[in-house]
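Each ligand, and each atom within it, is numbered from 1 in the order the structure gives. We use all heavy atoms of the structure for the numbers below, so side chains are in, but hydrogens, waters and symmetry mates are not. Quantities reported herein were computed from a predicted structural model and do not represent experimental measurements.
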Amino acid sequence: MEKIMIEGGHRLNGTITIGGAKNSAVALIPAAILADSTVTIDQLPDISDVRHLCELLKEIGGKVSFQNNTLTIDPSQMVPMPLPNGRVKKLRASYYLMGAMLGRFKKAVVGLPGGCNLGPRPIDQHIKGFEALGAKVTNEQGAIYLRAEELRGARIYLDVVSVGATINIMLAAVRAKGRTIIENAAKEPEIIDVATLLSSMGAKIKGAGTDVIRIDGVDALHGCRHSIIPDRIEAGTYMILAAAMGERVIIDNVIPQHVESLTAKLREMGVDIEVYDDQIAISRGTKPLKKVDVKTLVYPGFPTDLQQPFTALLTQAHGTSIVTDTIYGARFKHVDELRRMGADIKVEGSSAIIEGPTKLQGARVKASELRAGASLVVAGAMAHGITEITGVEHIHRGYSHLIEKLRNVGANIWSEQTGAEEDETARVGD
Ligand code: EPU
């Protein structure tokens, strides 16, 4: 089992380059199933979710090669192989195989990821969309069976604004007959990225990035080459680390507009931020950090995926800060671990109440999910002494070369192996 060790207190200086967006990657890779010739995706992050999806595409007959962050997928020999168990359980985003396989083969069997580590994460809106397009959907022993004679365009109103449902319905609808309209669609940048890939493959999609998406179905889609957008959550995590410990840290390869909600909150706390075309420079300065309140919202609001690392930073702000997660009201598993390090945080309903500033002490802590892991890295970098983080496999799902990137800017962070077995409860990805 791997552990990440961090000796806190080192100031950070230098440049951190951001990789391709995980939450785009996990949708772009299944989207390639819909093409009838080779799809090449550049700038993919080298993370475990990407590698799992590559293996899944091979299981259904795809020819896949992943080298130097470029993925080449030849989907021409793929078959609608049922995937009720096994690797699909390793990552949450395997649900995109449902929309993509349904769109290409008019049938699919995909296992549901077991367990759930952010609190409830239903997929009823995905299923409602597939049914509206003409699919019969059943849940048989933990696997979703989808079958359709043909897929027909439909008007679908999402009861909940959902990134996953919006993308999954797009994947199923691009080869359906006629027009599909998704109303109350999610507007995250990852949705625009998926729509851009599908359009390069020949799909007809309008309105991605707004709350109404119109798709005119086409008979066939062809291969193409696509470069993925930078990861706004990876960028945001390093911005928070820079606000915590940075003398001057430059975040390179970022779309500043994608992290505007975080930039605004960090400025409100008193952090100096300079914004350039594709870089953001952050200086912590010597001024005390001011307390702020944050509410997570759908894009362009403050992302739920940054509330955990941001909560760690707020332990150093003067006064009482309140963080409310309106997307995942139970996503507070990191709080117990931060408390172990000396943080003064109470959870009430879907809010964390943080009193600061508190001196954090290095401790043995465990990452229960990806962004909880990110919050422990932030806390460890600020703490006195050494922090030992287990549950590292979660962190590897979303942050490529984390240790190398942080060492390059002056953090004292390293990895250690122990003989202990990996924790089987920690299997489900994000
Ligand atoms: N929801 C429903 N029914 C559905 C779908 C969603 O009630 O059918 C609810 C969810 O329970 C949640 C809200 O709607 O309360 C939003 O969920 P959404 O569907 O947007 O989330 P997701 O697509 O499952 C993606 C990211 C998450 C990120 C959320 C919110 C991927 C693979 N995952 O999840 O990323 O937190 O959007 O932005 O894209 C992470 O990267 O750490 C991560 C968890």
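Under the 30°/60° scheme for interplanar angles, the aromatic rings of F332 and H334 are found to lie parallel.
Between R340 and E388 no salt bridge is recorded (no basic side-chain N to carboxylate O distance below 4.0 Å). Salt bridge K333/E369: absent, no basic N to carboxylate O contact under 4.0 Å. Here R232 pairs with E190 in a salt bridge; the nearest charged N to carboxylate O distance falls below 4.0 Å. Salt-bridge check for D231 with K22: failed, with every basic side-chain N at 4.0 Å or more from each acidic carboxylate O. The residues D46 and R51 are annotated as salt-bridged, a charged nitrogen and a carboxylate oxygen being separated by less than 4.0 angstrom.
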**Report entry** K3 vs T390, side-chain contact (heavy atoms from CB on, under 4.5 Å): CA-CA, chis, key distance, verdict
**Finding:** CA-CA 5 Å; K3 292 187 293 192; T390 55; 3.8 Å; yes
Requested in this report: Determine, stepwise, if the pair D252 / Q279 fulfils side-chain hydrogen bond (donor to acceptor under 3.5 Å, both in side chains).
Outcome: CA-CA 5 Å; D252 185 35; Q279 290 188 329; 3.1 Å; yes
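Proximity of A165 to ligand 1, defined as any heavy-atom pair under 4.0 Å, is not found for any part of the residue. For I327, heavy-atom contacts with ligand 1 shorter than 4.0 Å involve the backbone as well as the side chain. With a heavy-atom cut-off of 4.0 Å, Y299 does not touch ligand 1 at all. With a 4.0 Å cut-off on non-hydrogen atoms, D124 touches ligand 1 through its backbone as well as its side chain. With a heavy-atom cut-off of 4.0 Å, Q307 does not touch ligand 1 at all. Counting heavy atoms under 4.0 Å from ligand 1, residue K22 touches it through the side chain alone.
Annotation: K295, atom NZ; neighbour count of heavy atoms from other residues, nucleotides and ligands within 6.0 Å does not exceed 12.
For the atom pair CH2 of W414 and CE of M5, the computed distance is 5.5 Å after rounding to the nearest 0.5 Å. To the nearest 0.5 Å, atom OG of residue S415 and atom NE2 of residue H396 are 6.0 Å apart.
Comparing R331, R371, H394 by heavy-atom distance to atom 44 (C) of ligand 1, the nearest is R331. Across E369, Q125, E190, heavy-atom proximity to atom 8 (O) of ligand 1 is greatest for Q125. In this comparison of I167, D159, T304, T166, the heavy atom closest to atom 38 (O) of ligand 1 sits on T304. Nearest to atom 9 (C) of ligand 1 by heavy-atom distance, out of V160, V26, L91, is V160. Considering each of A374, P122, A93, the one bringing a non-hydrogen atom nearest atom 6 (C) of ligand 1 is P122.
Judged by the shortest distance from any of its heavy atoms, R92 lies outside the 4.0 Å radius around the atoms of ligand 1. Within the structure, the closest approach of R397 to ligand 1 does not fall below 4.0 Å when heavy atoms are considered.
Atoms of ligand 1 found under 4.0 Å from any heavy atom of H126, numbered from 1 in the order shown, are 8 (O). Of all atoms in ligand 1, listed by their number and element, those nearer than 4.0 Å to a heavy atom of G164 are 19 (O), 23 (O). Below 4.0 Å from some heavy atom of V163 lie the following atoms of ligand 1, by number and element: 18 (P), 19 (O), 20 (O), 23 (O), 37 (O). Within the listing of ligand 1, atoms 4 (C), 8 (O) sit less than 4.0 angstrom from a heavy atom of I123.
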